[in-house]
There are 2 protein chains.
Amino acid sequence: MLTPPADAHPEKTIVTQLRGYLGQIDLPDDGRLPPERELSAVLGVSRTELRKALDVLEAEGQLWRHVGKGTFMGSRPLDTFADIAALARRSNPAEVMRARIVMEPEIARAAAFTATPADIAEMRMCLARSRQAETWRQYEAWDTRLHRTIAEASQNTLLLGLFDTLNAVRRAVTWGRLRTEPVKPLPDHHSFAEHESIVDAIEHRDIAAAAAGMRAHLQTVERKLLDRQ
Amino acid sequence: MLTPPADAHPEKTIVTQLRGYLGQIDLPDDGRLPPERELSAVLGVSRTELRKALDVLEAEGQLWRHVGKGTFMGSRPLDTFADIAALARRSNPAEVMRARIVMEPEIARAAAFTATPADIAEMRMCLARSRQAETWRQYEAWDTRLHRTIAEASQNTLLLGLFDTLNAVRRAVTWGRLRTEPVKPLPDHHSFAEHESIVDAIEHRDIAAAAAGMRAHLQTVERKLLDRQ
DNA sequence: ATATAAACCAAAACTCAATTGGTATCCAAC
DNA sequence: GTTGGATACCAATTGAGTTTTGGTTTATAT
């Protein structure tokens, strides 16, 4: 490989120049470096060329940029927004359903491995109570508790925590949907049979059926949701 | 107990009046009712007396208030922002791996549906960079970024948020084990091929292979982890 | 005594201009 | 014709300043 002339790869030169400059100056704690317009003036290069150099360093993972914030050395901090409200604001009912369909069948699968008789008993109670519900509000309370009991039965505190987070977002998200349904759940409501088959599968340690049952159940819920738009 | 005269408990009257008013008007979606100053004018009572009535309803749990926000019907939305530290304290590496095996294959499956060419390109870059890594630290940075890029590609901000939460717990959990491995990842490190097959599957929209590949990968990671205890 | 009105406080929301990375356009240089 | 530079514009973000709101205190009147 030949040694290139000084200006054969001018962007290379600017990258080098930029590296040197970044090595000299001491950055603030957050690693933020001067805005592009300022930096281009200091280095005596056009903003276009400076950005090319920054592109290189960004591709190398040495810095990250964001409109309105600035350019920062180091790796982009993960959005550790376990903040339910923020999540709910950015999300929507469709995303919530898709996330449920991703998570809950696998949680049910895990629960089919590890559920204790006490877990099963609580699930059975939730089933019975939900059938007796006099209002949709009551029904939803027992439905929620059933799903959470399944998550508990996975014996995995982390999975349970993630499930609770998802659930909190679900409650916080603006559904916009109206209850045009009858005042109370009808005896042939699809969820009753679906819930029971899920609990049956868990009780019989049929992990595949538990996952499949939960997936089918949530897909029905999703369909009903989208039907009434 | 004596029957009190009509005005012996004036606050009782105001509570009733307030209940009636709240029953009439239709509240906005968030259940927010007019500010106290406005409400007191409408009801023709002093703000002091109105506040006493609101105190009653708040004690009954029928509404909740917050300075700067307002007064809202219903129960206060619990701001259960997932506490990463608490989760990490109760959890452990085994749970983290099981949670990853539950979530990430399904996230990869979703990503195979929705990944854009830009997503694929970033995944490829992560693959290349991880191969070039000179230290385990660098390798892990690119590995983490690859997995997060896949989660981003699912186009679901909620799933991404849950993934980030899981990741934050993963970092916070005490792993105990140290890297007794060679100083840098060897070229035949199992993850390289596994990562590539996952990205290939996503690129070819092979959703089953994406999920299976991710599951196999994480199970390998789990096995390696448990091997060295 | 009790209720009222007013003033004040701090938290939150809101408004609006300035900043910043990203992008398109036009123009000069070669 | 291509390249690079200057300029303008865009959308996201920030930050300062103002307004709104529930909570509290104080003075006044009945």
Side-chain angles (χ1 to χ4, degrees), chain A residues 5-15 17-18 22 27-59 61-74 76-77 79 81 83 85-86 89-90, chain B residues 4-15 17-18 22 27-59 62-74 76-77 79 81 116 118 121-122 157:
Chain A
D7 57 349
H9 297 295
E11 71 284 359
K12 200 77 177 273
T13 312
I14 296 181
V15 169
Q17 184 184 357
L18 180 57
L22 294 179
L27 299 165
D29 292 345
D30 57 358
R32 184 178 196 227
L33 46 93
E36 293 179 353
R37 292 162 175 83
E38 194 176 320
L39 203 50
S40 65
V42 171
L43 296 181
V45 300
S46 74
R47 197 180 155 212
T48 312
E49 294 302 302
L50 171 64
R51 283 182 54 75
K52 286 182 188 172
L54 288 174
D55 287 343
V56 174
L57 294 190
E58 186 183 26
Q62 304 209 356
L63 54 82
W64 61 278
R65 307 187 269 186
H66 196 300
V67 275
K69 285 182 178 171
T71 306
F72 301 82
M73 297 299 293
R76 164 181 273 107
D79 296 345
F81 56 81
D83 178 4
R89 222 176 309 117
R90 303 183 192 188
Chain B
D7 57 348
H9 296 294
E11 71 283 358
K12 198 79 177 273
T13 312
I14 297 181
V15 168
Q17 184 183 357
L18 180 56
L22 293 180
L27 299 165
D29 291 345
D30 58 357
R32 185 180 195 221
L33 46 93
E36 293 180 354
R37 292 160 176 84
E38 195 175 318
L39 203 49
S40 63
V42 171
L43 296 182
V45 299
S46 74
R47 194 177 158 215
T48 311
E49 294 303 302
L50 170 65
R51 283 182 55 75
K52 286 181 187 171
L54 287 173
D55 286 344
V56 173
L57 294 189
E58 186 182 26
Q62 304 210 357
L63 54 81
W64 61 279
R65 307 187 268 187
H66 195 299
V67 273
K69 284 183 179 169
T71 306
F72 302 81
M73 297 299 294
R76 162 180 276 107
D79 47 351
F81 55 92
T116 68
E122 187 167 350
T157 60

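Chain A is the first sequence line, chain B the second, and so forth, proteins listed ahead of strands; every chain is numbered from 1.
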If you round to the nearest 0.5 Å, how far is CG of A:Leu43 from CD of A:Gln17? 5.0 Å
Sequence neighbours excluded, the answer for side chain to side chain donor-acceptor pair (under 3.5 Å) partners of B:Ser46 is none
Both B:Lys69 and A:Glu38 contact DNA chain C. Which one's nearest nucleotide lies toward the 5' end? B:Lys69
Rounded to whole angstrom units, what separation is found between the CG atom of A:Leu50 and the P atom of C:dG21? 9 Å
For nucleotides 15-20 of chain D, give me one character per nucleotide, 5' to 3': B if any protein heavy atom sits under 4.0 Å from the base, S if the only such contacts are to the sugar-phosphate, - if neither. ------
May I have the distance from A:Leu39 (atom CG) to C:dT19 (atom C1'), rounded to whole angstrom? 15 Å
Atom pair CG (A:Leu50) and CG (A:Leu39), whose distance is rounded to the nearest 0.5 Å: 5.0 Å
Gap between atoms CD and C1', on B:Glu49 and C:dA1 respectively (whole Å): 13 Å
Just how far, in rounded Å, is P of D:dG23 from NZ of B:Lys52? 15 Å
Which residues pass the side-chain contact (heavy atoms from CB on, under 4.5 Å) test with B:Arg47, sequence neighbours left out? B:Glu36, B:Arg37, B:Ser40, B:Arg51
Test of understanding: with side chain to side chain donor-acceptor pair (under 3.5 Å), list the residues that count as partners of A:Asp55, not counting sequence neighbours. A:Arg65
Suppose we screen for side-chain contact (heavy atoms from CB on, under 4.5 Å). Which residues come up paired with B:Leu22, at least two apart in sequence or across chains? B:Leu18, B:Ile25, B:Leu33, B:Leu57, B:Met73
What distance separates A:Asp30 CG from A:Phe72 CZ, expressed to the nearest 0.5 Å? 5.5 Å
Each nucleotide of nucleotides 22-30 of chain C classed B (base within 4.0 Å of a protein heavy atom), S (only sugar-phosphate) or -, in 5' to 3' order, makes BB-------
Write down the distance between CH2 (B:Trp64) and C1' (D:dG22), rounded to a whole number of angstrom. 12 Å
Determine yes or no for a side-chain-to-main-chain donor-acceptor pair under 3.5 angstrom, with A:Glu49 supplying the side chain and A:Ile14 the backbone. no
